There are 4 protein chains.
Amino acid sequence: MSLADSRPQQRGPARGRPRSEAVERAILEGVMKLLEDGVSLAELSIERIARTAGVGKATIYRRWSGKEELFVDVMRAAEPPDPELPGTSMRDDLVVLLESMRLRGLANRSSAIMHNVHAQMKSSPKIWAAYNTSVIRPRRERGLEILRRGQRDGELRSDIDLELANDMFVGPMLVRAVLRPDMELPEGLAERIVDTALAGLRPVSPPGG
Amino acid sequence: MSLADSRPQQRGPARGRPRSEAVERAILEGVMKLLEDGVSLAELSIERIARTAGVGKATIYRRWSGKEELFVDVMRAAEPPDPELPGTSMRDDLVVLLESMRLRGLANRSSAIMHNVHAQMKSSPKIWAAYNTSVIRPRRERGLEILRRGQRDGELRSDIDLELANDMFVGPMLVRAVLRPDMELPEGLAERIVDTALAGLRPVSPPGG
Amino acid sequence: MSLADSRPQQRGPARGRPRSEAVERAILEGVMKLLEDGVSLAELSIERIARTAGVGKATIYRRWSGKEELFVDVMRAAEPPDPELPGTSMRDDLVVLLESMRLRGLANRSSAIMHNVHAQMKSSPKIWAAYNTSVIRPRRERGLEILRRGQRDGELRSDIDLELANDMFVGPMLVRAVLRPDMELPEGLAERIVDTALAGLRPVSPPGG
Amino acid sequence: MSLADSRPQQRGPARGRPRSEAVERAILEGVMKLLEDGVSLAELSIERIARTAGVGKATIYRRWSGKEELFVDVMRAAEPPDPELPGTSMRDDLVVLLESMRLRGLANRSSAIMHNVHAQMKSSPKIWAAYNTSVIRPRRERGLEILRRGQRDGELRSDIDLELANDMFVGPMLVRAVLRPDMELPEGLAERIVDTALAGLRPVSPPGG
DNA sequence: GCCTAACCGAGACGGTACGTCACGTCTTTTA
DNA sequence: TAAAAGACGTGACGTACCGTCTCGGTTAGGC
């Protein structure tokens with residue numbers, strides 16, 4: 001279900017002409033095209049989006065109540081699918097998870113773009129909450145699940161706070177991918193982060209384990 | 001020196017009526033007052049700022065070339081001073097540094113505000129660069145300096161990448177302070193992060209082995 | 001036959017579902033109700049008319065090509081029937097004719113309303129022409145007929161221009177009824193106008209001199 | 001004084017940049033140009049007027065609160081000056097007055113135009129009242145003054161209602177000039193109307209006067 | 001004690017975008 | 001095929017700001 005659903009009520013079997021899915025796609029595609037073409041977020045007006053998508057303004061407002069709500073869906077449409085985890089070990093799963101974050105930072109339809117959309121959403125608490133709930137939170141939950149399993153399997157110290165542990169892995173990657181777009185994201189970064197952080201989180205294994 | 005300096009040139013000993021510093025303060029104070037009063041960033045127009053500060057629009061444009069440039073100075077004015085480091089050990093210095101980040105996240109004149117200004121600036125690359133250079137970068141450099149000294153003194157493994165190490169400390173705090181305003185920032189968090197990260201970064205053999 | 005008739009052609013015995021006359025009435029009644037309720041002409045949109053009448057927009061457009069054409073029919077529906085003339089004399093007939101104009105000006109379903117519809121139609125030459133042909137012209141023709149008979153019967157000088165004479169009667173009433181809605185339309189006005197104008201139009205020598 | 005005067009208050013000696021008279025003229029000229037070029041009143045949007053006059057929309061709204069208020073001033077600007085009266089007799093004055101109405105109907109910058117503006121204004125009672133007060137009423141008053149003088153000088157029966165008498169002259173001209181744009185307005189019409197109406201209004205002069 | 005240049009407030013100016021509304025057309029389902 | 005419902009592209013509405021530009025009036029030197 002999309003945020004774009006603001007139909008007043010669903011009384012009965014859908015009366016009147018149904019909304020065109022093609023139009024919906026055209027709008028989202030239009031926004032992404034503009035962003036890729038180097039149009040800054042501040043220059044992106046509803047009016048311009050409508051012109052680009054060959055669509056009336058009202059058609060946009062019928063689906064989204066404003067620029068920010070639209071951007072949530074743009075982000076969602078641009079998000080790559082969550083990676084499949086190997087499941088061989090906690091360490092390997094974490095590497096894959098962080099690697100997907102790295103790739104997202106590099107090549108998310110066009111790296112610098114989503115970045116700004118991201119930033120824009122932050123200045124609207126309501127929208128940020130929506131994005132948080134529907135995108136960020138599930139992803140974080142995935143990391144926590146990996147750690148829980150790792151703790152159960154003895155790959156992680158049992159006295160560790162999982163929330164904090166998660167941030168120990170995710171934080172360093174985020175500093176670079178989100179906050180510092182000018183910083184390099186070299187191949188192997190995910191592995192180095194996981195292994196470095198893990199060094200302090202692993203159980204004190206019996207020396208001759 | 002402030003970004004607000006855009007006097008055309010300095011030919012001779014300043015002719016005509018000099019710019020009023022009181023006016024400058026009134027503008028910055030006005031912006032902060034508005035933000036504290038719950039006015040969202042999007043609602044903050046130059047026109048409104050001028051009205052609030054009892055100032056002509058041209059008087060603002062004479063000092064800053066636009067909203068973003070003004071916000072950089074607002075941020076700067078609201079930044080708490082960098083903390084004094086104890087210097088007793090790398091670990092203690094890091095704790096103090098992270099603790100200052102935590103406090104910034106909690107109580108920076110009014111926590112959620114600067115947050116948004118921060119976010120806003122990110123969508124203007126030019127301004128972000130300015131802020132980066134004059135605020136972020138020096139602070140990061142401070143962290144790296146601590147780590148360099150720690151490496152020299154044997155508190156940190158010598159084979160470690162300092163940039164990465166820095167992110168191992170800063171990242172977890174940033175995840176919470178910047179990206180997740182809803183997450184708790186309890187007392188002692190700085191200490192826990194430093195100690196946990198340090199566990200994997202300390203030299204294997206005790207320095208004074 | 002109504003202006004509302006825009007069926008493409010009448011091939012054969014009318015195929016498909018026939019148009020509902022009830023719908024037609026509902027629309028015209030709806031417009032009049034709205035006007036009586038103080039809704040100004042400018043506020044009267046097709047969309048609102050459809051909503052009020054509980055009718056689809058297309059249903060209106062199927063009958064009239066636009067707002068003005070619809071208003072012509074509204075006017076026609078609201079016009080009181082032409083008065084029956086006594087036929088006792090030219091003077092009496094003229095009094096009755098002008099009296100009906102006076103009443104129209106006072107109480108035409110709701111005085112000020114039709115006024116505005118009238119004014120509106122004037123800014124659309126095409127529609128004005130239609131209204132002119134089907135409503136105004138026949139009424140004028142009736143006045144001229146009275147005058148012709150009067151001239152034949154010796155109640156009117158034979159050298160008089162009938163068109164001009166007609167305007168001498170109709171004009172003064174119109175100035176008040178149409179152009180000056182704030183001006184009083186007292187009982188007996190028709191009689192006074194006719195007698196005053198007639199004073200200069202009667203033959204000098206008594207007919208049966 | 002113009003209707004265009006909607007300055008909030010006149011506190012003190014006029015602060016801020018004064019409104020440009022050139023802009024005011026450009027707008028009024030623009031409207032008249034458009035009307036002359038055959039643009040119908042319904043097609044005349046504020047947006048289009050602004051485009052034509054090379055002016056921002058706000059600049060128009062700063063002076064007039066809407067289309068109708070603007071049209072009042074357009075009408076005023078297009079009104080020819082009131083004619084100078086010969087003063088030789090009531091009859092001659094009336095002829096000149098009606099002749100000026102005839103010419104207004106024929107050649108008022110472009111006959112059919114002002115017509116429509118006139119009609120448009122009628123559907124907005126408030127505006128019609130303003131136009132009535134500032135244009136219509138003074139002109140009517142002029143006619144009444146002529147009649148009063150005529151009555152004093154013995155050119156008019158003393159028992160006649162002046163308001164009604166005025167309508168006897170003005171009405172016939174108005175029927176043609178305002179309500180029936182298709183009707184001819186031949187030279188000499190004013191004279192014929194005055195003389196015909198006067199026939200019934202003159203004092204019963206002593207036969208051998 | 002002037003002169004002059006820049007500052008200051010106010011607010012007009014040509015623009016662009018806002019979010020809403022109505023236009024007249026179209027595409028559904030139901031009758 | 002009509003009818004109600006409502007989506008669609010279009011374009012005007014009246015408002016708010018944008019950044020620039022006059023205005024009248026300060027407020028400092030430098031003369």
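Keep in mind the model is a prediction, meaning the values are calculated, not measured.
- Rounded to whole Å, atom C1' of F/dA3 lies 14 Å from atom CD of C/Glu24.
- Judged as a salt bridge (Lys or Arg N to Asp or Glu O under 4.0 Å), the pairs with a partner in residues 41-51 of chain A (not counting sequence neighbours) are, in order, A/Glu47-A/Lys57.
- Take the nearest nucleotide of DNA chain E for C/Lys67 and for B/Glu47: the residue whose nucleotide is more 5' is B/Glu47.
- Listed pair D/Thr59 / E/dG14 meets the phosphate criterion, a side-chain N or O lying under 4.0 Å from OP1 or OP2.
- Residues A/Arg19 and A/Thr59 are not in side-chain contact: their nearest non-hydrogen atoms beyond the backbone lie 4.5 Å or more apart.
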Test ring pair (Phe, Tyr, Trp, His ring centres under 6.0 Å) on A/Phe71 and A/His118; report intermediate values, then the result.
CA-CA 9 Å; A/Phe71 290 160; A/His118 209 263; over 10 Å; no

Distances for protein N or O near nucleotides 28-31 of chain E N or O, under 3.5 Å:
none

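- By the side-chain hydrogen bond (donor to acceptor under 3.5 Å, both in side chains) test, D/Lys67 pairs with no residue at all, sequence neighbours left out.
- Within the 4.5 Å cutoff, side-chain heavy atoms of D/Leu28 are placed close to those of D/Leu70.
- In this structure, CD1 on C/Ile46 lies 5.0 Å from CD1 on C/Ile60, to the nearest 0.5 angstrom.
- An angle of 20°, rounded to 10°, separates the two end axes of the helix from E/dG1-F/dC31 to E/dA31-F/dT1, each defined over five pairs.
- Taking 4.0 angstrom as the limit, C/Arg63 places a side-chain polar atom (N or O) nearer than this to OP1 or OP2 of F/dA3.
- With sequence neighbours left out, the side-chain hydrogen bond (donor to acceptor under 3.5 Å, both in side chains) criterion links A/Ser20 to no other residue.
- Of the two residues contacting DNA chain E, namely A/Ser45 and C/Leu44, the nearest-nucleotide position lying further toward the 5' end is that of A/Ser45.
- Side-chain nitrogen and oxygen atoms of B/Arg62 include at least one within less than 4.0 Å of the OP1 or OP2 phosphate oxygen of E/dC8.
- Shown for residues 51-58 of chain B: residues whose heavy atoms fall under 4.0 angstrom of DNA chain F, namely B/Arg51, B/Lys57, B/Ala58.
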